[in-house]
Structures are given as C-alpha cells and as structure tokens.
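Report on one structure; see the data block that follows.
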Amino acid sequence: MPALLFLLTALLAAAPPFSHKTHAPLKLKCVQCHAGAEKQERATFPTVENCRVCHPSMETRDIPSQRLYKVPDFVVFGHNRHAAAKLECSTCHGEVYQQAELKVERPTHMKACMDCHKEHKASNTCTACHELGQ
Ligand code: HEC
Ligand code: HEC
Ligand code: HEC
Ligand code: HEC
Ligand code: HEC
C-alpha cells in the first residue's frame, strides 16, 4: 500500500483523544462528565454512553486514555471534603477548558497536600490522610 494511504488509514483508525478545550464553548458543568466530583470521594470518568448523547455514532473507546492525577491506595483523598471546603476544581486541576492538552497543575505528593492544609488550617495529623494499620 502506498505510504501516504497507509498513514491516512492509521490516522483515521486512531480515535482523537478527548479535548476539554474543544468542548469549552458548550459551557458544560464538570459534574456532567465527572459525576462524583462534588459529592463523592471519586470524581469518576464519563462512559462512551455519555459521549453518544452528542456523538451518536462514536465507537467504543478507552476512557480515560491516561491518568494524570492518582494517589496510592494507602492515601485517603475525597473530592467531597474539598468541595465542601469551597475549593474550585481549578485550584488543583487548573483551567482545563483553556488547555489543549491537560497537564498536572498541582502535584499530588505528600508535601503538596500538607502545604495547602497548613495554609488553610486543615488537619495535618498522619491519620487524616492515612488510615491506622495501613
Ligand atoms: C464532556 C465531558 C467532560 C466534561 C464536561 C469535563 N470533562 Fe474532564 N475529562 C473528560 C474525559 C473523557 C477525560 C479523560 C481524558 C482521557 O481520556 O485522557 C477527562 C479528564 C479530566 C481530568 C484528568 C484526570 C486524570 O487523573 O487523568 C481532569 C482533572 C478533568 N477531566 C477535570 C475536569 C474539570 C475541572 C471539568 C470542568 C471544568 C471537566 N473536566 C469537564 C470529560 C469531561
Ligand atoms: C453536550 C454535547 C457533547 C458531549 C456530551 C460530548 N461532545 Fe464531543 N463535541 C461536541 C461538539 C459540539 C464538538 C465540536 C463540533 C464537532 O467537531 O463535532 C465536539 C467535538 C469532539 C471531537 C472532535 C474535535 C476534537 O476535540 O478533536 C471529539 C474527538 C470529541 N468531541 C469527543 C468526545 C468524547 C470522547 C466525549 C465523551 C467523553 C464527548 N466528545 C462528549 C459535543 C459534545
Ligand atoms: C484539593 C485538590 C483537588 C480539588 C479541589 C479537585 N480535585 Fe480532582 N483530583 C485531585 C486528586 C488528588 C486526584 C487523585 C485522586 C485519587 O487518585 O484518588 C483527583 C482526581 C480527579 C479525577 C480523576 C478521576 C478520579 O475520580 O480520581 C477527575 C476527573 C477530577 N479529579 C476532577 C475534578 C473536578 C471536576 C473537580 C471540581 C468539582 C475536582 N477534581 C476538584 C485533587 C483535587
Ligand atoms: C488547595 C488546597 C488543598 C490541597 C492541595 C489538598 N487539600 Fe485536603 N483539604 C483542604 C481543605 C481546605 C480541607 C477541609 C478542611 C476542613 O473541612 O476543615 C481538606 C480536607 C482534607 C481531608 C479531610 C480531613 C479531615 O480530617 O476531615 C483529607 C483526608 C484531605 N484533605 C486529604 C488531602 C490529600 C491526600 C491531598 C493531596 C493529594 C490534599 N488533601 C490536598 C485543602 C487542600
Ligand atoms: C494532607 C495529607 C497527608 C498527611 C497529613 C500525611 N500524609 Fe503521608 N502521604 C500523603 C500522600 C498524598 C502520599 C503519597 C505520596 C506520593 O504519591 O508520592 C503519602 C505518602 C506517605 C508515605 C509513603 C512514602 C512516601 O513518602 O511516599 C509514608 C510513609 C507517609 N506518607 C507517612 C506519613 C506520616 C508519618 C504522616 C504524619 C506525620 C503523614 N504521612 C501525613 C499524604 C499525607
């Protein structure tokens, strides 16, 4: 097969990744796709069914295609607790609707957590973020 045709076929086969920036004009609320972000521990990801509301013929794909923010299992982190403290998503994740490609805005290592807790007078005892016996 001619190289150019091969390249074209390969490009069409690979689903373009989800871009927050492309969807910014729709002014969708974050919780429309990340249902747990305000009331649950996990923000969660949308399924392809959620995409098909607007893209009816979208093929099945892996969501997420990658992970940017992830704490180890022995760390307690809850989106609900932080939403209740009135922190904006952008405080930790940046302005995702302005980014062509998401990048880590605020690292998730222990010092980054503790620095902000200190600033906000939130608990920095070990057991706030680590369950006893783990
Ligand atoms: C139309 C659906 C949709 C909306 C609305 C949406 N997102 Fe997303 N978001 C996604 C998808 C899909 C991914 C996974 C991208 C991938 O496949 O890599 C994602 C990934 C993310 C991630 C990366 C998480 C990780 O650990 O990899 C963050 C942070 C995020 N979104 C924040 C937000 C915020 C904040 C808002 C509102 C300002 C928002 N999103 C609105 C669909 C959406
Ligand atoms: C509320 C409607 C809506 C939802 C929900 C939605 N999209 Fe879109 N999407 C759009 C619109 C509008 C455009 C821009 C017009 C176009 O090119 O179709 C678009 C464009 C795109 C594009 C092509 C442009 C680009 O970014 O490269 C992709 C890929 C895409 N969406 C993926 C997704 C995925 C994956 C989901 C689910 C996580 C999703 N969309 C959910 C409305 C939506
Ligand atoms: C105080 C910082 C902080 C705030 C505020 C915050 N997040 Fe997160 N977010 C994180 C951390 C840390 C993780 C990794 C959690 C894990 O691995 O358990 C994460 C993970 C995520 C993920 C990946 C999926 C998941 O459930 O782990 C998405 C999507 C996300 N956040 C969206 C949001 C949205 C939308 C908001 C606003 C409603 C928000 N976040 C507010 C720190 C924050
Ligand atoms: C942007 C600032 C900020 C960052 C970053 C942040 N937190 Fe928090 N965190 C807070 C605030 C504010 C509260 C609410 C304190 C309250 O309700 O009194 C809180 C509450 C919590 C609580 C509940 C504590 C309790 O005793 O009720 C846990 C657990 C927690 N955070 C874990 C983490 C972890 C783990 C990280 C890093 C991955 C992190 N936080 C990053 C500001 C932050
Ligand atoms: C505000 C939340 C928070 C508090 C308070 C906290 N930790 Fe952590 N801790 C974390 C996070 C997040 C990680 C994961 C680090 C990473 O992924 O790099 C971690 C990791 C660790 C690790 C694994 C090794 C390492 O450094 O990655 C140990 C051990 C640990 N913590 C002990 C403690 C002890 C002891 C205390 C009390 C003095 C404490 N932690 C208080 C959030 C916290």
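Counting convention: from 1, in listed order, for ligands and their atoms alike.
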Worksheet entry | Atoms in ligand 5 flagged as close to Asn124, the criterion being non-hydrogen separation under 4.0 Å | 1 (C), 5 (C)

Discussion item. Tell me whether Met110 shares a hydrophobic cluster with Val71, the cluster being built from Ile, Leu, Val, Met, Phe, Trp, Tyr side chains joined at under 4.5 Å.
Written reply: no

Fill in: Derivation of the side-chain hydrogen bond (donor to acceptor under 3.5 Å, both in side chains) call for Asp62 and Ser65
CA-CA 6 Å; Asp62 288 336; Ser65 58; over 6 Å; no

Discussion item. Under 2.8 Å from atom 8 (Fe) of ligand 1, can any N, O or S atom of His20 be found?
Written reply: yes

Worksheet item: Does the pair Ser90 and Arg106 meet the rule for a side-chain hydrogen bond (donor to acceptor under 3.5 Å, both in side chains), with working shown?
Response: CA-CA 10 Å; Ser90 57; Arg106 191 188 278 262; over 6 Å; no

Worksheet entry | Any Arg52 side-chain heavy atom under 4.5 Å of Thr60 side chain | yes

Discussion item. With a 4.0 Å cut-off on heavy atoms, is Gln66 in contact with ligand 1?
Written reply: yes

Worksheet item: Going by heavy atoms in the side chains, are Cys92 and Glu105 under 4.5 Å from each other?
Response: no

Worksheet item: Counting both backbone and side chain atoms, is some N or O of Tyr69 under 3.5 Å from an N or O of ligand 1?
Response: yes

Discussion item. Going by a strict under-4.0 Å cutoff (protein heavy atoms only), does atom 24 (C) of ligand 5 have a neighbour on the protein?
Written reply: no

Discussion item. Hydrophobic cluster membership, with links at side-chain heavy-atom distances under 4.5 Å among I/L/V/M/F/W/Y: are Phe45 and Tyr69 in one?
Written reply: no

Worksheet item: Within Cys33, is some N, O or S atom less than 2.8 Å away from atom 8 (Fe) of ligand 1?
Response: no

Item to complete: Using a strict 4.0 Å cut-off to heavy atoms of Cys89, name the atoms of ligand 1 that fall inside it.
Response: 35 (C)

Discussion item. In this structure, does ligand 1 have an atom that sits under 4.0 Å from one of the heavy atoms of Lys29?
Written reply: yes

Worksheet item: Applying a 4.0 Å heavy-atom criterion (strictly less than), which segment of His34 is in contact with ligand 1: side chain, backbone, both, or neither?
Response: side chain

Item to complete: Write out the residue and atom name of the closest protein heavy atom to atom 42 (C) of ligand 3, then the distance separating them to 0.1 Å.
Response: Phe77 CZ, 3.3 Å

Worksheet, complete the sentence: Interatomic distance, CD@Glu101 vs NZ@Lys21, rounded to 0.5 Å, equals 11.5 Å

Practice prompt. Considering the heavy atoms of Tyr97, write down every atom of ligand 1 situated less than 4.0 Å from one of them.
Written response: 5 (C), 38 (C), 41 (C)

Fill in: For Ser65, the ligand 1 atoms whose distance to one of its heavy atoms is below 4.0 Å
16 (C), 17 (O), 18 (O)

Fill in: Leu102 and ligand 1 - part of the residue with a heavy-atom distance under 4.0 Å
side chain

Worksheet entry | Ligand-side contact atoms (ligand 5) for residue partner His117, heavy atom cut-off under 4.0 Å | 1 (C)

Discussion item. Within the 4.0 Å heavy-atom shell around Pro46, which atoms of ligand 1 are there?
Written reply: 12 (C), 42 (C)

Practice prompt. Evaluate the side-chain proximity of Thr108 to Lys70: yes if any heavy-atom separation is below 4.5 Å, no if none is.
Written response: no

Item to complete: List the atom of Arg61, the atom of Met58, and the distance in Å for their closest heavy-atom pair.
Response: NE-SD, 3.8 Å

Worksheet item: What protein heavy atom sits nearest atom 20 (C) of ligand 3, and how far off is it?
Response: His79 CE1, 3.4 Å

Worksheet item: Hey, is ligand 3 close enough to His82 that some N/O pair sits below 3.5 Å?
Response: no

Worksheet item: Is there a side-chain contact between Asp115 and His117, using heavy atoms and a 4.5 Å cut-off?
Response: no

Discussion item. For Ser19 versus Ala100, what's the shortest heavy-atom pair and its separation?
Written reply: OG-O, 4.2 Å

Fill in: Atom of Pro64, atom of Arg67 and distance for their closest heavy-atom approach
CG-CD, 3.7 Å

Practice prompt. Might you check, step by step, whether the distance between atom 8 (Fe) of ligand 5 and some protein heavy atom is under 4.0 Å?
Written response: yes

Worksheet item: With respect to atom 16 (C) of ligand 3, which of Val31, Thr108, Val71 exhibits the smallest heavy-atom separation?
Response: Val71

Worksheet, complete the sentence: Output for pair (His93 NE2, His34 NE2), nearest 0.5 Å, gives 8.5 Å

Worksheet item: In the protein, what heavy atom is nearest to atom 3 (C) of ligand 3, and what distance, to one decimal place, separates them?
Response: Cys92 SG, 2.7 Å

Worksheet item: Same cluster or not: are Phe77 and Val104 linked, directly or through other Ile, Leu, Val, Met, Phe, Trp or Tyr residues, by side-chain heavy atoms under 4.5 angstrom apart?
Response: no

Discussion item. Applying side-chain contact (heavy atoms from CB on, under 4.5 Å) to Thr47 and Ile63, what does each step give before you reach the verdict?
Written reply: CA-CA 7 Å; Thr47 64; Ile63 300 177; over 6 Å; no

Discussion item. Return the NZ to NE2 distance between Lys86 and His120, rounded to the nearest 0.5 Å.
Written reply: 13.5 Å

Worksheet item: If you count the atoms of ligand 3 from 1 in the order shown, which ones are under 4.0 Å from a heavy atom of Ala43?
Response: 22 (C), 25 (C), 26 (O), 28 (C), 29 (C), 30 (C), 31 (N), 32 (C)

Fill in: Nearest-0.5 Å distance, NZ of residue Lys39 to NE2 of residue His79
14.5 Å

Fill in: Whether Pro72 lies under 4.0 Å from ligand 5, heavy atom
yes

Worksheet, complete the sentence: Within the 4.0 Å heavy-atom cut-off, what Leu68 brings close to ligand 1 is both

Worksheet entry | Heavy-atom side-chain proximity of Met114 to Lys118 below 4.5 angstrom | no

Worksheet item: In terms of atom number and element, which parts of ligand 3 are under 4.0 angstrom from non-hydrogen atoms of Cys30?
Response: 35 (C)

Worksheet item: Does Thr44 approach ligand 3 within less than 4.0 angstrom via side chain, backbone, both or neither, non-hydrogen atoms only?
Response: backbone

Worksheet item: Of all the atoms in ligand 3, which lie at a distance below 4.0 Å from a heavy atom belonging to Glu88?
Response: 5 (C)

Fill in: For atom 18 (O) of ligand 5, closest protein heavy-atom neighbour
His109 CB, 3.8 Å

Item to complete: Tell me, please: is Thr125 in heavy-atom contact with ligand 5, that is, under 4.0 Å?
Response: yes

Worksheet item: Tell me, do Leu102 and His20 make a side-chain contact under 4.5 Å, heavy atoms counted?
Response: yes

Worksheet item: Has ligand 3 got any nitrogen or oxygen that is less than 3.5 angstrom from a nitrogen or oxygen of His93?
Response: yes

Worksheet item: Under 30°, 30 to 60°, or over 60°: which ring-plane class applies to His55 and His23, parallel, tilted or perpendicular?
Response: perpendicular

Discussion item. Side chains of Val76 and Glu131, heavy atoms from C-beta outward: is any pair under 4.5 Å?
Written reply: yes

Practice prompt. Name the closest protein heavy atom to atom 22 (C) of ligand 5, giving the residue it belongs to and the distance to 0.1 Å.
Written response: Phe74 CE1, 4.0 Å

Worksheet entry | N or O contact, Arg67 vs ligand 1, cut-off under 3.5 Å | yes

Worksheet item: Looking only at N/O atoms, are His23 and ligand 1 under 3.5 Å apart anywhere?
Response: no

Response to the item:
Shell check on atom 8 (Fe) of ligand 5: protein N, O or S atoms less than 2.8 Å away are Met110 SD, His130 NE2

Practice prompt. Return yes or no for this condition: an N or O of Phe18 is under 3.5 Å from an N or O of ligand 1.
Written response: no

Discussion item. If the cut-off is 4.0 Å to any non-hydrogen atom of Leu28, which atoms of ligand 1 fall inside it?
Written reply: 1 (C), 5 (C)

Worksheet item: Should Val53 and Leu28 be counted in the same cluster of Ile, Leu, Val, Met, Phe, Trp and Tyr side chains packed under 4.5 Å apart?
Response: no

Worksheet item: Taking all atoms of both residues into account, what is the closest heavy-atom pair of Thr44 and Gly36, and its distance?
Response: OG1-N, 3.7 Å

Item to complete: Would you confirm whether any non-hydrogen atom of the protein falls under 4.0 Å from atom 27 (O) of ligand 5?
Response: no

